[in-house]
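Each remark here refers to the structure printed beneath this line.
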2 protein chains.
Amino acid sequence: MPASGDRLRQLLPGGVFEANCPSRVVLDHVTSKWGVLVLVALDDRVLRWSELRRTVEGVSDKMLAQTLRSLEGDGFVHRDVRPVIPPHVEYSLTPRGRELVALLLPLFTWIVENAHDIVG
Amino acid sequence: MPASGDRLRQLLPGGVFEANCPSRVVLDHVTSKWGVLVLVALDDRVLRWSELRRTVEGVSDKMLAQTLRSLEGDGFVHRDVRPVIPPHVEYSLTPRGRELVALLLPLFTWIVENAHDIVG
DNA sequence: CAGAATCCTATACGATACTG
DNA sequence: CAGTATCGTATAGGATTCTG
């Protein structure tokens, strides 16, 4: 007979709250200031650097580059460089990135829809 | 005939990437360094300060207080103070918090399960 | 166009000490 | 027990400039 709190224990292995749990690293990348926004912006889309820069309003060159490198390093984002002049670079989600964004999107949508009630 | 990118537009109202969109504030609270961890720790549980402190390994007094105040201010967390000595304070999710965590949990679970492949 | 490099600042964060 | 207060630092993050 499951006690309170067991939903968590059923879903999660032990030790997920440990300081050295590898999930903390990934969580930090995804939940970084611009991580969620960039990932959601790439949902079902292929965007160039400049498009991404314009879409995610307020992000600086430095942070966009840093965020994209981090997400690329984790295998969420694919960077496609066309060897032309002027440079043409396209960003898109990898299969793993699509898995992640599929879970991110309901959360993001809920926050968007409820934000006004929450902070207003 | 929906083009690529329309899944996003179907789910989300316009302007969600605008710098002054209120969702940014809520998103920042939830995805703060300790926000997700505290929220998930409270899933289906009522925890006292010291239990929360021990559960979310590595969090400092200051950050736990700050995170809880932020989440309480957004209406995700309920703070129940028993007027006894020594003090007894219990933290739990509000209905709104439970809505949020219901969406957070699949994401968190996926990250935990895949973290090893991603950073390993 | 797509960044890298540099510089600078705000603040997020942690450690410690203290208190009703 | 459940915090607050103070202090110090690291680093996240922004503005600007430069380049293949």
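In what follows, chains carry the letters A, B, and so on, assigned in the order in which the sequence lines appear, proteins first and then strands, with residues in each chain numbered from 1.
Atom CG of A:L68 is separated from atom C1' of C:dA2 by 11 Å (rounded to the nearest Å). One atom, CD of A:E51, and another, C1' of C:dA2, lie 13 Å apart when rounded to the nearest Å. At whole-Å resolution of the value, CD in B:E90 and C1' in D:dA2 are 13 Å apart. Between the C1' atom of C:dG20 and the CG atom of B:D61 lies a distance of 16 Å, rounded to the nearest Å. Whole-Å rounding puts the A:M63 CE to C:dA10 P distance at 17 Å. Atom pair B:H88:NE2 and D:dA2:P shows a separation of 7 Å (rounding to whole Å applied). The distance between atom CG of A:L37 and atom P of D:dG13, rounded to the nearest whole Å, is 12 Å. To the nearest angstrom, P of D:dA12 lies 15 Å from CG of B:D28.
Salt-bridge annotation for B:D43 and B:R45: absent, with no side-chain N of the basic residue lying under 4.0 Å from a carboxylate O of the acidic one. Salt-bridge annotation for A:D61 and A:R53: present, with a side-chain N of the basic residue lying under 4.0 Å from a carboxylate O of the acidic one.
Each of A:K62 and A:Y91 has a nearest nucleotide on DNA chain C; the 5'-most of these lies closest to A:Y91.
Aromatic ring orientation, B:Y91 versus B:W49: tilted (interplanar angle from 30° to 60°).
Among D:dG14, C:dG14, D:dA2, the nucleotide with an atom closest to any side-chain atom of B:V89 is D:dA2. Between C:dC1, C:dC13, D:dA2, one nucleotide has an atom nearer to the side chain of B:K33 than all others, and that is C:dC13.
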So A:E72 and A:H78, side chain to side chain contact (heavy atoms under 4.5 Å, CB included) or not? Walk me through it.
-> CA-CA 6 Å; A:E72 193 191 354; A:H78 174 66; over 6 Å; no
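The CG atom of B:L37 sits 9.5 Å away from the OG1 atom of B:T67 when rounded to the nearest 0.5 Å.
As judged by a 4.0 angstrom heavy-atom cut-off over every strand, A:R79 is placed among residues touching the sugar-phosphate backbone only.
Contact annotation: A:W49 side-chain N/O to C:dA4 OP1/OP2 distance is not under 4.0 Å. Checking the phosphate oxygens (OP1, OP2) of C:dC13, no side-chain nitrogen or oxygen of B:S60 falls inside 4.0 Å. Contact between the side-chain N/O atoms of A:R53 and the OP1/OP2 oxygens of C:dG3 is not found at any separation under 4.0 Å. For the OP1/OP2 pair of C:dC1 and a distance below 4.0 Å, the side-chain nitrogens and oxygens of A:S50 include no atom meeting the criterion. Residue A:R48 places at least one side-chain N or O closer than 4.0 Å to OP1 or OP2 of C:dA2.
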